Visitor: 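One structure, pasted below without further comment.
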Amino acid sequence: MDSSTGLTIHVVVQDAGAVVMKLSGNLDAESSPGSLPRILDALDQSQTGAIMDFAGVKFISSAGLGVLVETQRRAQAAAKQLALVHLPPQLYKIFKVSRLDQVFRLCQDENDAIQALRPPPQS
Amino acid sequence: MEGICHKRMVIASDLEAARQVENTILDEVERYGYSDASAFSIRLAIEEGLNNAIKHGNGYDPNKTVQVAFAVTPQQVVISITDEGPGFDPARVPDPTCDENLEKPCGRGIMLMRAYMDEIHYNPCGNQVRMVKKNS
């Protein structure tokens with residue numbers, strides 16, 4: 001088995017001002033330091049927030065979770081929304097075990113994620 | 001002994017060396033037909049254990065090494081990771097699943113090792129962790 005490290009991030013800017021980050025590879029101790037600035041750069045490109053698509057991610061460790069927590073913190077500070085979509089079952093379990101499903105918007109598909117990016121209605 | 005892979009490795013305090021250890025153990029895990037879920041758990045525990053040893057134990061000191069001993073059998077995987085640091089008390093590590101710690105970026109490694117392995121034990125001074133995963 002080759003657990004070779006590295007995370008590829010493909011960023012698509014949507015018309016609505018959101019960005020979609022399609023991730024593939026591993027978000028682990030080796031790839032996390034280099035991935036964080038690229039993810040934050042993509043978040044900064046957005047006006048409303050970001051959708052992170054995990055369909056191509058095979059592995060995530062505590063270092064990778066730290067990257068996501070920092071991304072969420074940056075999004076909140078900028079009043080942007082962050083949604084995570086297409087988490088494979090093994091990655092979803094890590095979020096449940098860590099109770100990070102309470103912190104992140106975990107969405108089934110891109111439509112759910114787009115809904116999640118909409119700002120809450122003004123009262 | 002037939003049916004058992006038992007090895008000892010000494011690596012430098014860097015993550016690339018850690019990945020080579022990870023690959024070596026996972027090759028044996030795959031050879032013995034462990035499930036994808038078990039292999040994922042073992043990979044996660046190795047990564048967390050080695051990262052803790054390299055980062056927190058040895059402080060990335062290039063003059064310090066990490067010792068890894070492992071035994072893979074059809075029944076279970078046993079992995080021992082020892083660093084050259086002063087050790088720590090795992091009971092004093094804050095629970096990252098408590099509400100007040102949920103949004104902290106660090107501190108989930110030991111919790112994940114406990115959650116994904118069947119057994120995890122530290123030696124008295126806390127610079128060695130021994131983990132077991134049964135082949136279920």
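Reminder, nothing fancy here: chain letters follow the sequence lines and each chain counts from 1. Predicted model only: the values in this text are computed from it and were never measured. Reckoned from all heavy atoms, side chains included, excluding hydrogens, waters and symmetry mates.
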Visitor: Taking the side chain as every heavy atom from C-beta outward, state whether Leu44(B) and Ser61(A) have any atom pair closer than 4.5 Å.
Guide: yes

Visitor: Within 45° of the six-membered ring axis of Phe40(B) and under 6.0 Å from that ring's centre, is NZ or CZ of Lys93(A) located there?
Guide: no

Visitor: Which bit of Leu68(A) comes within less than 4.5 Å of chain B, counting heavy atoms only: side chain, backbone, both or neither?
Guide: neither

Visitor: Thinking salt bridges, do Arg99(A) and Asp99(B) make one under a 4.0 Å N-O criterion?
Guide: yes

Visitor: Any residues in residues 101-112 of chain A near chain B, with a heavy-atom distance under 4.5 Å, and which are they?
Guide: Gln102(A), Val103(A)

Visitor: For Glu103(B) and Gln76(A): C-alpha separation, side-chain torsions, deciding distance, then whether side chain to side chain contact (heavy atoms under 4.5 Å, CB included) applies.
Guide: CA-CA 12 Å; Glu103(B) 296 188 34; Gln76(A) 284 178 337; 3.8 Å; yes

Visitor: By ring-ring contact (aromatic ring centres under 6.0 Å, His included), which residues pair with Tyr122(B), not counting sequence neighbours?
Guide: Phe88(B)

Visitor: Side chain, backbone, both or neither: which part of Lys104(B) has a heavy atom under 4.5 Å from chain A?
Guide: backbone

Visitor: Would you check, one step at a time, whether the test side chain to side chain contact (heavy atoms under 4.5 Å, CB included) holds for Asn26(A) with Arg43(B)?
Guide: CA-CA 12 Å; Asn26(A) 303 303; Arg43(B) 179 180 179 185; 3.3 Å; yes

Visitor: Any side-chain heavy atom of Leu112(B) sitting closer than 4.5 Å to one from Leu65(A)?
Guide: yes

Visitor: How many angstroms lie between OG in Ser62(A) and CE in Met111(B), if you round to the nearest 0.5 Å?
Guide: 8.5 Å

Visitor: Might you work through the side chain to side chain contact (heavy atoms under 4.5 Å, CB included) test for Asp28(A) and Arg19(B), ending with a clear yes or no?
Guide: CA-CA 11 Å; Asp28(A) 56 16; Arg19(B) 181 153 52 88; 5.5 Å; no

Visitor: Just jot down the side chain to side chain donor-acceptor pair (under 3.5 Å) partners of Glu28(B), sequence neighbours excluded, or say none.
Guide: Arg31(B)

Visitor: How long is the straight-line distance from CG of Asp36(B) back to NZ of Lys58(A), given to the nearest 0.5 Å?
Guide: 12.0 Å

Visitor: Quick check on the structure: residues of residues 11-18 of chain B within a heavy-atom distance below 4.5 Å of chain A, by number.
Guide: Leu15(B), Glu16(B)

Visitor: Minimum heavy-atom separation for Ala115(B) to Val97(A), with atom names?
Guide: CB-CG1, 3.6 Å

